Enquirer: 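Dropping the structure in here first, questions after.
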2 protein chains.
Amino acid sequence: MTNDRFRMGLRAEAPVHQAEPAERSRSSASGADRSSAKRRVTIREVANLAQVSLGTVSNVLNNPSVVAPTTRKRVLDAIDSTRFVRNTAAHQLRAGKSRTIAAVLLDIANPFFTEIVRGAEHVLREQDYVLMLCSTDESANREQRYFRMLEEHRVDGILVCPVDSDLESAVALVAHGIPTVLLDRDGSSFGLCSAAVDDIRGAELAANHLVELGHQVIALVNGPSTIRQCIDRREGARRSVRRARRRGVSLQEFVVGALTIDQGERAVAGLLGAERRPSAVMCANDLLAFGVLRGLAAAEVAVPEEMAVVGYDDVVFASMLSPTLSSIRQPKYELGVAAAELLLEEVTGAPHEHRAIRFEPELVVRASTRPVGEHTPCNERHVEL
Amino acid sequence: MTNDRFRMGLRAEAPVHQAEPAERSRSSASGADRSSAKRRVTIREVANLAQVSLGTVSNVLNNPSVVAPTTRKRVLDAIDSTRFVRNTAAHQLRAGKSRTIAAVLLDIANPFFTEIVRGAEHVLREQDYVLMLCSTDESANREQRYFRMLEEHRVDGILVCPVDSDLESAVALVAHGIPTVLLDRDGSSFGLCSAAVDDIRGAELAANHLVELGHQVIALVNGPSTIRQCIDRREGARRSVRRARRRGVSLQEFVVGALTIDQGERAVAGLLGAERRPSAVMCANDLLAFGVLRGLAAAEVAVPEEMAVVGYDDVVFASMLSPTLSSIRQPKYELGVAAAELLLEEVTGAPHEHRAIRFEPELVVRASTRPVGEHTPCNERHVEL
DNA sequence: TGCCCGATTTGAAACGATTCATTCCCTTCG
DNA sequence: CGAAGGGAATGAATCGTTTCAAATCGGGCA
């Protein structure tokens with residue numbers, strides 16, 4: 001393991017040499033550093049220097065208005081001449097609040113979530129809250145560990161896109177007194193705040209689109225049904241197909257282990273080997289769709305001519321793929337903003353009734369879907385390997 | 001502002017109604033919740049219940065081996081019958097260590113960084129450290145604010161990919177006694193640990209590739225030269241072109257404000273309007289290249305026939321674009337692993353000399369580059385809008 | 001029986017902030 | 001001239017752990 005992480009071509013691992021001896025002292029071995037820097041400045045030293053009491057310094061920090069301007073100035077000067085840095089731990093211990101919010105997400109490498117995070121962070125930063133990012137990679141175990149850790153850290157609130165469809169762990173958080181808002185997941189039935197998009201509707205849009213294009217055998221590449229989004233998207237697909245059943249349309253589901261590119265690629269074998277080979281696939285999210293596209297390319301199946309593909313999320317890269325991917329657009333940034341605002345309401349104890357904010361999904365048609373039978377004049381394709 | 005965030009189609013914002021009155025109490029307004037849950041269990045209550053002293057409980061938590069098995073059992077039982085959750089703030093205050101590491105990155109939406117994070121997180125989690133993620137969006141201001149905040153939080157160490165090429169702020173961290181390791185940036189000359197890839201070499205590879213394909217007028221779409229990576233990549237490109245100057249090869253640089261898709265797209269106008277229109281572009285990173293591709297598509301310029309494009313980073317989506325993007329591969333995951341291991345060495349105070357680990361970049365040729373003059377039989381292209 | 005020793009357990013003293021009941025000064029007013 | 005009132009500043013108590021010197025316990029040994 002230690003070996004194979006260097007397979008990409010490690011060139012050199014050389015000790016750092018200093019040009020100037022003067023600099024050497026500053027960056028000697030860390031042990032030395034540590035001891036030299038150990039003595040951090042406390043509020044007490046600031047107080048001494050400024051000739052005031054502890055309480056006054058604290059007031060300058062937290063209630064500037066109650067201290068006389070001249071005193072305040074003196075304290076502020078002392079603060080930066082001592083390079084005082086407030087100790088959050090002590091602050092938190094006494095004050096009870098951490099001004100930290102956590103976001104526990106399924107996969108931080110998924111552009112869908114990074115966009116949400118951007119929105120949430122924007123809101124939180126304005127209120128001087130810090131956002132802690134946690135990626136569960138869809139593992140209930142990891143999620144549990146994060147929750148535990150976040151409780152220990154006494155975060156003021158948590159935004160969570162839960163791994164399991166039963167909200168046991170999220171509800172437990174609330175029971176423990178931690179304000180929690182669900183992300184991309186409706187919380188009405190659990191008495192939680194949430195900001196979500198109607199996934200059933202979205203999946204219906206996707207499936208309807210394929211049906212309207214004339215596809216008869218439609219595949220759904222779906223993630224594990226512990227994840228709510230997957231359940232809802234299956235439901236949406238089913239509803240749509242049920243409605244078109246008399247036209248002979250059928251739906252086959254292929255369930256994979258996670259919503260990732262790799263898993264999508266792996267699903268292709270199943271698709272192509274199916275008894276009734278589908279002519280269209282809808283995927284539970286864009287990453288899966290990316291994988292499916294890659295797999296189809298490798299198998300030299302032309303998209304959309306031989307197989308239409310539609311994704312879900314409309315992440316930024318969807319419009320740049322080969323071919324560009326039809327997808328279901330979700331208002332990601334807005335989702336993050338809405339969730340953060342809800343959470344902030346709870347955290348600050350504003351008069352507040354739990355609410356479920358819901359957004360509408362939207363179909364975006366691109367080159368990966370096309371009416372059955374319509375062919376392009378030339379199917380040049382850029383296949384790697 | 002409050003209005004326009006709903007442009008994506010907000011459907012409903014309805015108060016949550018409970019099915020069961022029994023549940024209602026649990027999820028009443030947060031104010032009530034708060035007060036009911038306010039009294040968190042402390043180590044003292046555990047001690048009382050288990051009939052031992054504070055110190056013993058603490059020992060069970062931190063030094064299990066010194067406490068007698070039967071006592072330990074009693075305490076552990078008390079711990080989970082009271083649902084005790086350790087208070088990190090108090091722990092940190094007394095113990096001095098936070099077991100938290102921060103990563104301060106240029107852009108968390110860039111898959112290049114998420115991959116690095118994955119590597120670092122893996123290492124850190126194994127040692128029971130928590131990773132705090134901070135995205136500066138290339139703003140020195142934001143970076144400064146993060147550093148300040150992280151100091152206040154007394155994080156044990158910081159992984160940083162700095163915004164500014166002078167390492168002033170990073171060096172200041174070290175001076176303040178916070179172990180710091182540079183990411184994707186060589187620290188030798190500053191006496192810092194680092195894990196990086198040779199950017200000059202990488203850019204040379206990219207430029208050489210274009211030169212060998214026969215391009216005469218080459219453009220470099222580059223980010224702000226406050227960022228070290230941009231400086232190095234320019235340098236690499238220059239070296240390569242200088243070597244080929246007698247063959248009439250020239251280089252034009254187009255500097256944009258940030259390493260993002262949008263900025264790349266915007267750069268296209270400049271490229272196409274240039275006095276001597278380039279036949280090839282190399283981009284300072286893949287996101288820029290993605291933008292350039294999108295812009296070229298919009299302008300109906302064929303890639304690679306009319307314009308060759310090469311990116312940098314080889315993020316996962318590069319192989320799925322339309323057309324697939326030639327790029328410079330960096331060992332991202334390994335970078336994260338190496339940086340985290342270096343940092344851990346410093347943090348734990350292991351005997352340690354500052355080192356600069358360097359990896360080698362690698363050229364990956366795909367469909368966005370092709371020898372000058374070679375044409376595909378058919379240039380179907382999926383252009384959106 | 002008395003003494004010593006190692007293994008356990010104890011509890012008071014930090015850690016570095018915030019709180020808040022008091023004290024200290026001045027003005028102002030009767 | 002004394003009392004009242006209010007703005008500023010004070011500092012002891014507190015938050016929930018960890019730490020560590022000291023107390024306790026229970027045999028083993030002379």
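Letters A, B, ... are given to chains in the order of the sequence lines, protein chains preceding strands, and every chain is numbered from 1. Just so you know, these numbers come straight off a predicted model, no measurement behind them.
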Enquirer: Search all heavy atoms of B/L343 against all heavy atoms of B/P179 and return the closest pair with its distance.
Expert: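 Distance-wise, the nearest heavy atoms are CD1-O, 3.6 Å.
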
Enquirer: Between A/L61 and A/F84, does a side-chain contact (heavy atoms from CB on, under 4.5 Å) hold up when you go through it step by step?
Expert: CA-CA 11 Å; A/L61 257 27; A/F84 166 76; 3.9 Å; yes

Enquirer: Does the cation-pi check pass for A/R118 over A/Y333, that is, NZ or CZ under 6.0 Å from the six-membered ring centre and within 45° of its axis?
Expert: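 Judged by the rule (NZ or CZ under 6.0 Å from the ring centre, within 45° of its axis), A/R118 is not positioned above A/Y333.
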
Enquirer: Considering residues, nucleotides and ligands other than B/R44, do more than 12 of their heavy atoms fall under 6.0 Å from its CZ?
Expert: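 Not buried by this count: 12 neighbours or fewer within 6.0 Å.
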
Enquirer: Using whole Å, what does the distance between atom P of nucleotide C/dT19 and atom CG of A/N63 come to?
Expert: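 For the pair A/N63 CG and C/dT19 P, the rounded distance is 8 Å.
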
Enquirer: For a side-chain contact (heavy atoms from CB on, under 4.5 Å) check, start with the C-alpha distance between A/L167 and A/R185, then their side-chain angles and the critical distance, and finish with the verdict.
Expert: CA-CA 10 Å; A/L167 289 181; A/R185 177 88 154 72; 3.3 Å; yes

Enquirer: Rounded to whole angstrom units, what separation is found between the CZ atom of A/R99 and the C1' atom of C/dT18?
Expert: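 Answer to the nearest Å: 15 Å.
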
Enquirer: Can I get a per-line list of side-chain donor-acceptor pairs under 3.5 Å for residues 76-83 of chain B, giving both atom names and the distance, sequence neighbours left out?
Expert:
from  : atom 1 : to    : atom 2 : distance (Å)
B/D77 : OD1    : B/K73 : NZ     : 3.3
B/D77 : OD2    : B/K73 : NZ     : 2.8
B/S81 : OG     : B/A78 : O      : 3.4
B/T82 : OG1    : B/A78 : O      : 2.8
B/T82 : OG1    : B/I79 : O      : 3.1

Enquirer: Counting only heavy atoms and a strict 4.0 angstrom limit, can you tell me which residues of residues 83-91 of chain B come near DNA chain D?
Expert: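 DNA chain D contact set from residues 83-91 of chain B: B/F84, B/V85, B/R86, B/N87, B/A90, B/H91.
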
Enquirer: NA contact type, A/T42, heavy-atom cut-off 4.0 Å: base, sugar-phosphate, or nothing?
Expert: sugar-phosphate

Enquirer: Can you tabulate the close N/O pairs, meaning under 3.5 Å, that link protein atoms to atoms of nucleotides 21-26 of chain C?
Expert:
none

Enquirer: Can you tell me how far P of C/dA14 sits from CD1 of A/I43, to the nearest Å?
Expert: 19 Å

Enquirer: Would you mind checking if B/E121 and A/R142 are paired as a salt bridge, meaning a charged N to carboxylate O distance below 4.0 Å?
Expert: yes

Enquirer: Any salt bridge linking B/R40 with A/E151? Criterion: basic side-chain nitrogen under 4.0 Å from a carboxylate oxygen.
Expert: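 Yes, B/R40 and A/E151 are salt-bridged.
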
Enquirer: How about B/R154 and A/V85: do any of their side-chain heavy atoms sit closer than 4.5 Å?
Expert: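 They are in contact (side-chain heavy atoms under 4.5 Å apart), so the answer is yes.
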
Enquirer: Where is the tightest heavy-atom contact between B/A339 and B/V181, given as atom of each residue plus distance?
Expert: O-CG1, 4.0 Å

Enquirer: In degrees, rounded to 10°, what is the bend between the two ends of the helix from C/dT1-D/dA30 to C/dG30-D/dC1, using five pairs at each?
Expert: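 Rounded to the nearest 10 degrees, the bend comes out at 60°.
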
Enquirer: Taking any atom under 4.0 angstrom from a heavy atom of chain B, which nucleotides of DNA chain D are the first and last to qualify, 5' to 3'?
Expert: D/dG16 to D/dT19

Enquirer: Show each protein N/O and nucleotides 9-13 of chain C N/O combination with a separation under 3.5 Å, one pair to a line.
Expert:
from   : atom 1 : to    : atom 2 : distance (Å)
C/dT9  : OP1    : B/T71 : OG1    : 2.4
C/dT9  : OP2    : B/A68 : N      : 3.1
C/dT10 : OP2    : B/S53 : N      : 2.9
C/dT10 : OP2    : B/S53 : OG     : 3.3
C/dT10 : OP2    : B/T56 : OG1    : 2.9

Enquirer: In whole Å, what is the span from the CD atom of B/Q92 to the P atom of C/dG16?
Expert: 12 Å

Enquirer: At their closest point, which heavy atom of B/G119 faces which heavy atom of B/V337, and how far apart are they?
Expert: O-CG2, 3.6 Å

Enquirer: Quick check: closest heavy atoms across B/V163 and B/A140, and the distance to 0.1 Å?
Expert: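 Answer, listing the atom of B/V163 first, then B/A140: CG1-N, 3.8 Å.
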
Enquirer: We want to know whether A/S139 and A/D137 form a side-chain donor-acceptor pair, criterion being a heavy-atom distance below 3.5 angstrom.
Expert: no

Enquirer: Considering non-hydrogen atoms only, spot the tightest contact between B/H91 and B/K97 and give its length.
Expert: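 Closest approach of B/H91 to B/K97: CD2-O, 3.9 Å.
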
Enquirer: Which atom names give the shortest non-hydrogen contact between B/I357 and B/A338, and what distance separates them?
Expert: CD1-CB, 4.2 Å

